[in-house]
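Chain letters run A, B, ... following the sequence lines, proteins first, then strands; residues in each count from 1.
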Amino acid sequence: MSLAEPGTYLAELNDAQRDAVLTTEGPVLVIAGAGSGKTRVLTYRVAHLLAAVGVKPNEILAITFTNKAAGEMRERIEAAVGPRARAIWILTFHSACGRILRAEAERLGYKPNFTIYDQADQLRVVKQCLEELERDPKRFVPRGIHTQISNAKNQLIGPDEYASRVGSFYDQTVADVYALYQRRLFNSNAVDFDDLLMLTVEVLKRFPEAREKWEKSFRYVLVDEYQDTNHAQYTLLQLLTAKHRNLMVVGDPDQSVYGFRGADIRNILEFEKDYKDTRVIPLEQNYRSTNSILNAANEVISNNRDRMEKRLWSELGDGEPVRVLEVEDEHAEARFVAGEIALLLELGYSLSEIAVVYRTNAQSRVLEDVLVRQGVAYQVIGGPRFYERAEIKDALAYLQVLDNPFDAVSLTRIANRPKRGVGDTSLARLQALADGMGVSLWEALGRAEEAGLATASLKAVTSFRNVMQSLLATTQEMGVSEAIESVLERTGYIEALEAERTIEARGRLENLEEFVGVAREYEAANPQGNLSSFLQEISLFSAQDALRGEESGGMVTLMTLHNAKGLEFRAVFMLGVEEGIFPHTRSIEENDVEEERRLCYVGMTRAMERLTMLHATRRSLYGRSEMNLPSRFLDELPSEGVERERLRPTSWQNYGQTVARSEYQAPPPRTEIPTLSTGDTVRHGTLGTGIVLRIEPDGVVTVRFEDGSERRLMLEYAPLDRVS
DNA sequence: CCCGTGGACGCCCCA
DNA sequence: CGTCCACGGG
C-alpha cells in the first residue's frame, strides 16, 4: 500500500471499515464483531492520519491488548509509512502508564526507576503486612485480601477512601493492610500492576500541569478491545482525551471476558452516553470463519440478555459442520485430539494452524502427556512462565536491586541465593532495624553491626553487601546482557548451580543462558535501552507475547480461552465443555454465566474452518472422579450445521494409527538409553537427524530436526541415537 | 541454618 | 492428585 495514494488502501476496505478510517474527528465507537478486520481498520486509520491528515507520529496514542499486537501493528504501519512509525505511541494500557508514570513519578514522591511487582511479589508483601498487623492468616487469607485491594485500585479507590467506607471487621483489616501495603511499596520504590493505572490517573488529576502536557500531546487516541477496560482505564482515557476529543474505541461487547479483573462492560455499552456526538460504526462482515461456525457462535451468544444485537455473516460458505463430541474421560479426550491432529496433518494442515483451548490451565497436562508421547511439537501459552521460574526470578531480582536498591522484596529474595549464610533470622533483624530507623532494608544492610547479629551472620551480610556494592559500581557501564553475566558470575550463582551436578541444575543453567539471550535481543532491538527500560518491558510481558508464530513446521498451540483472545486458527479444539468446568462452578454460583458464554463465543470464533467441542462423561478433578453433564452451551447450539457424535470406548481405544496404543500398553522402555547432552547430533527412526536443544529433568529432550521443526521427545521411548 | 517430611488445602481466568 | 507451607531433627 502506498500512502501517497489513499485511494489504493481505501479500496481494500468495505464501506463500514472505510467509514471508520475516514471519520478521524470526534468520538467514534466501532462495534467490531470477531474477525471483522478491526486490526486492519486500526492500522489503516493510523496510516491515514499520518499520510492524509498530516498528524505527527508522536501525536497518536494507540492502545492495544498485548505487546505482541502492538509490535505487529507498528510493523504494518512502518511498512506503509516508513520509519516515522517508530515515534507513534503504540502500547498496552500498562506500558503506556508505565511510561507516563516514569516521567511524572517524582510528583508523587516515587523515583523514575520504580520496580513493578508481579503477583508473587504482591502476595509476599500482603503476607508481611498481615504478620506485622498480627492478623490470623487463616481468617484473613492473603490472596483474598489482595483481591480486595486490587479491586479497589481498579475502581480508583485509594487507601484513605477505602478506610472511610469500611463496613465490617473484615473490611477494616483490608483497609489496614491496604494502607500498610501501599506504604511498603512506596518505601521500596515499587508499584504493582494496578498502581500503574491508579497512580497515573492520580498524577493527572492532582497536577494540572501534568494533565495539560499529556492531553495536549495526544491529538488522536485509539483503543482496541475497549470492552475489557476497567474504571481506571476509562478515567484515564477521559483525562487524556478531554482536550482534543478524538477518541476512537474498538470493541465487541460479546467478547468482554475480564470482569474478574474489573473490566466493566458498561464502558462500551454506554459509550454513546458519555460522548454525546459519537459516531457508531458496526462491523458485521466476518472474514475469518465459515458460516457453520459463525451461526453456531451467533446462536450461543444470543442467549445473553445484556447485549447489543449483532449478527455476523461471512462470504466463506458453510464449510465443515461444527463437531460436538462426547468422550469417556479426559484421557480419551486427549487421545482423540492427538489422533485428529494427525489426520489434519494428512489433510495438509500445519501444526501452527491448530489450537487447543480450555477453561483452566490445569487441563493442559493430560493432553501434553499424550502429545509428548506422540512426538507432536506443541507450545503452551500461559501456565508456568519463563519469567516465573525460580532461577529467572533470582536473576531478575538481582537486576532489580541493581536498578533500584530500595526494592526490599527483591533484596530479600536474593540475600541468600546462592546460600551464603544470610538466613531469615538475620534478614528479620535487619528489616526490624530498617523499620526502626525509618530507612530502607538496603541501608540497614550497610549498618548491619547495629542489628545485633551473630558474628558469622554479620560477616555473611557484610560480604553480601560488598558484592552488591561492587556490582552496583561496575554494572553501570555495561549492557544488560553483560550485566546479567557479571551478576551470575560474581555472586557465585553459576558456580553453585554447577556444583549441584544434577539435571535440574543443568536445565536452570540453560534457562539462564536463554535469559542472557533475551537480553542480547533486547539490546539489539533497543540500542539506547538501559537496565530500567529492560526490566520494565519484562515486567509487562504477557502470555500472548510469548506466542511463537509461523516458525517452520510450527507447533500446536495450547492455551486457555482467555489467552486465545484475538488469535485465529484454521482448526480449533475446545476441551472440557462441561457443566462445572465451562461454565465454571464458581461462575454458576455467582450468577456470572453470561461472561462464561461470552468466553465460549470468543473460543468458537477463533476457528476459521474446523471447530470441535468436546465433553467427557467422567473426569478426575483434584484426584476425585466426577460425572459431568454436557455444558449448557452445547444445548444452545443450532441443530443445523452441527454434528453430534459419541465416541464409544471400542472406537477410541484403537483410534487412529499413531494413537493405537492405550496408555496401559506403552511400548517397553528401551534397554539402552543414550546419554545425551545439549548440542549433540542425534538420529531419530522416522524423523531423521537433528540437534539436541534442551534436556528436561524428566527425560524429555527437545530436538531440532533438519527440516527446522522442533520436537519434544521422551528419551525413554523415542528411537533416538547419538551420532556424534 | 538447612533440609526433609507430613499435613492441609485447593476452588479458575490475567497484565 | 499436586503443591505449598509449617515444623522438627541434624
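The phosphate of B:dC11 (OP1 or OP2) has no side-chain N or O of A:Ser587 nearer than 4.0 angstrom. For B:dC14, one of the phosphate oxygens OP1 or OP2 lies less than 4.0 angstrom from a side-chain nitrogen or oxygen of A:Asn563. The side chain of A:Asn361 contributes an N or O atom lying less than 4.0 Å from OP1 or OP2 of B:dC13. At B:dC3, one or more side-chain N or O atoms of A:Lys419 fall inside 4.0 Å of OP1 or OP2 (strictly under the cut-off). A:Thr560 has a side-chain polar atom (N or O) that falls below the 4.0 Å cut-off from OP1 or OP2 of B:dC14. The side chain of A:Asn67 places no N or O atom within less than 4.0 Å of a non-bridging phosphate oxygen (OP1 or OP2) of B:dA15.
To the nearest whole angstrom, the two P atoms, one in C:dC5 and one in B:dC12, are 16 Å apart.
In this structure, the ring-ring contact (aromatic ring centres under 6.0 Å, His included) partners of A:Phe541, at least two apart in sequence or on a different chain, are A:Tyr387. Residues that satisfy the side chain to side chain donor-acceptor pair (under 3.5 Å) test with A:Ser364, not counting sequence neighbours, are A:Glu368. Not a single ring-ring contact (aromatic ring centres under 6.0 Å, His included) links A:Phe464 to another residue, sequence neighbours left out. Partners of A:Asn404 under the side-chain contact (heavy atoms from CB on, under 4.5 Å) rule, at least two apart in sequence or in another chain, are A:Asn113, A:Thr115, A:Asn189, A:Phe406, A:Asp407. Checked against side chain to side chain donor-acceptor pair (under 3.5 Å), A:Thr557 has the following partners two or more places apart in sequence or in another chain: A:Gln379.
For A:Arg359 against B:dC13, a side-chain-to-base donor-acceptor contact under 3.5 Å is present.
A straight line from CG of A:Asn154 to C1' of B:dC14 spans 11 Å, rounded to a whole angstrom. What separates CD of A:Gln363 from P of B:dG10 is a distance of 20 Å, to the nearest Å.
When each of A:Glu595 and A:Arg420 is assigned the nucleotide of DNA chain B with its nearest heavy atom, A:Arg420 is the one assigned upstream, toward the 5' end.
Among the protein residues, A:Tyr258 comes within range of the sugar-phosphate backbone only, with heavy atoms under 4.0 Å from sugar or phosphate atoms but none that close to a base. Within 4.0 Å of A:Asp118, counting heavy atoms only, lies no atom of the nucleic acid at all. Among the heavy atoms of the strands, none lies under 4.0 Å from A:Ser625.
Which of B:dA15, B:dC13, B:dC2 sits closest to the side chain of A:Asn416 comes down to B:dC2.
Under 4.0 Å is where a charged nitrogen must lie from a carboxylate oxygen, and between A:Arg632 and A:Glu636 no such pair does.
Between A:Phe65 and A:Tyr258, a ring centre-to-centre spacing shorter than 6.0 Å is recorded.
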**OP:** Take nucleotides 1-10 of chain C nucleotide by nucleotide from the 5' end and write B, S or -, depending on whether a protein heavy atom sits under 4.0 Å from the base, only from the sugar-phosphate, or from neither.
**Re:** BS--S-----

